[in-house]
Amino acid sequence: MTDEHHQRPGRAAAETRPRLAPLPEDGWDPSTRELLAPIPRDADGHLPNVFTTLVRHPGLFRHFLPFGSHLLRDGRLPDRTRELLILRTACNTRAGYEWGRHVPLARAAGVTDEEIRRVGAGPDAPGWTPADALLLRAADELHRDARLSSATWSALAAGHDEAQLIEITMLVGQYHMVAFFLNSAGTRLEPGYEAEALPAPPVAGADAAEGVHGDA
């Protein structure tokens, strides 16, 4: 056993060897190749480590991929909404891998670099529109309380249909689950994504207000 559990999860993946290494391509059997075939490769020709690690559990992978892909590619939420919720969840769970992989997706969805930096400061940071602040607050409430407050649900319902309300809760839950796996497995960011550093956690005393936990 290593001592990475004494570090913040977002740092552990960058500073220690993973507990579960990605399955190298020369070790893929035909069924593994079939499972990984639909996943786009990065610019360097490799698949993201999250998938080549998770595929070590092929039965789970086979069912996980359609669900995760639906939320990411075919969901009912606007791309910007989805990525703000995911980035805030990555902050709340200290998931450096999740953050690093989703910053480029957030930019592609129209989230500015200044807004990306501000995600770490939470919904009460100056500069957010009411709609964006509401999304970050929803992510915080789900992280902290495992439910949306009546006020937040009502505010979201004013601008989202029933399917979108369901999807908001499921999306945040999905990326909590992925963060638990990534942080525990110690999955490392690929070259080219490591520059996207997870924002520092809130200063002492702010955790309770923001719903952001420190060391697990």
Side-chain angles (χ1 to χ4, degrees), residues 8-10 67-68 70-183 196-216:
R8 289 192 180 276
F67 179 67
H70 180 83
L71 286 172
L72 186 62
R73 306 296 181 195
D74 301 312
R76 297 283 298 273
L77 297 173
D79 292 351
R80 176 186 168 85
T81 295
R82 181 193 68 233
E83 293 305 321
L84 283 173
L85 289 167
I86 293 171
L87 288 183
R88 186 60 182 166
T89 299
C91 285
N92 284 339
T93 56
R94 310 310 301 154
Y97 187 98
E98 195 166 270
W99 176 270
R101 293 293 309 198
H102 276 270
V103 163
L105 298 178
R107 289 194 183 109
V111 184
T112 68
D113 284 348
E114 195 280 328
E115 289 171 331
I116 289 169
R117 288 190 293 270
R118 198 192 306 147
V119 167
D124 296 322
W128 290 120
T129 66
D132 287 347
L134 179 63
L135 293 173
L136 300 189
R137 187 165 292 108
D140 285 3
E141 289 181 359
L142 289 167
H143 174 71
R144 183 182 64 240
D145 303 325
R147 65 179 296 168
L148 294 172
S149 67
S150 295
T152 297
W153 178 272
S154 296
L156 287 169
H160 299 83
D161 62 27
E162 290 179 349
Q164 289 175 319
L165 289 170
I166 292 170
E167 195 166 312
I168 286 170
T169 63
M170 297 294 283
L171 178 76
V172 173
Q174 150 83 354
Y175 280 91
H176 273 79
M177 179 177 67
V178 172
F180 297 161
F181 161 64
L182 293 168
N183 290 346
E196 307 296 353
L198 187 69
V203 296
D207 287 358
E210 293 294 337
V212 180
H213 295 219
D215 293 329

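By convention here, the first residue in the shown sequence is residue 1. Predicted model only: the values in this text are computed from it and were never measured.
W128 contributes no side-chain N or O that, together with a main-chain N or O of L134, makes up a donor-acceptor pair within less than 3.5 Å. A donor-acceptor contact shorter than 3.5 Å is absent between the side chain of D145 and the backbone of R147. No side-chain donor-acceptor contact under 3.5 Å links D140 to the backbone of P123.
A salt bridge links D79 with R82: at least one charged nitrogen is closer than 4.0 Å to a carboxylate oxygen.
A side-chain contact (heavy atoms from CB on, under 4.5 Å) with E98 holds for exactly one of V103, L182, L87; it is L182. Each of E83, E196, E115 was evaluated against R107; a single residue qualifies, E196, per the salt bridge (charged side-chain N to carboxylate O under 4.0 Å, His left out) test.
The distance from the CZ atom of R88 to the CG atom of D132 is 13.0 Å, given to the nearest 0.5 Å. One finds the CD atom of Q174 at 9.0 Å from the CG atom of L72 (value rounded to the nearest 0.5 Å). How far OH of Y175 is from CG of L85: 11.0 Å, rounded to the nearest 0.5 Å. Here the CG-CD1 distance, from L171 to I166, works out to 13.5 Å after rounding to the nearest 0.5 Å. Summarising the geometry, atom NE2 belonging to H160 is positioned 11.5 Å from atom CZ belonging to R76; distances are rounded to the nearest 0.5 Å. Rounded to the nearest 0.5 angstrom, L84 CG and H102 NE2 are separated by 12.5 Å.
When all heavy atoms of A139 and T89 are compared, the closest pair comes out as CB-OG1, 4.3 Å. Taking each heavy atom of W99 and C91 in turn, the nearest pair found is CZ3-SG, 3.5 Å. Across L77 and E167, no two heavy atoms sit closer than the pair N-OE2, 3.3 Å. For A138 against L156, the heavy-atom pair with the smallest separation is CB-CD1, 4.0 Å. The shortest heavy-atom contact between V111 and R80 is CA-NH1, 3.6 Å. Closest approach of I116 and A106 over heavy atoms only: CD1-CB, 4.4 Å.
Within the 4.5 Å cutoff, side-chain heavy atoms of R137 are placed close to those of E141. Under the 4.5 Å side-chain criterion, counting only non-hydrogen atoms from C-beta, H143 is not in contact with V172.
Within a 6.0 Å radius of CD in E162, no more than 12 heavy atoms belonging to other residues, nucleotides or ligands are found. Annotation for M177: atom CE counts as buried by contact number, over 12 foreign heavy atoms lying within 6.0 Å.
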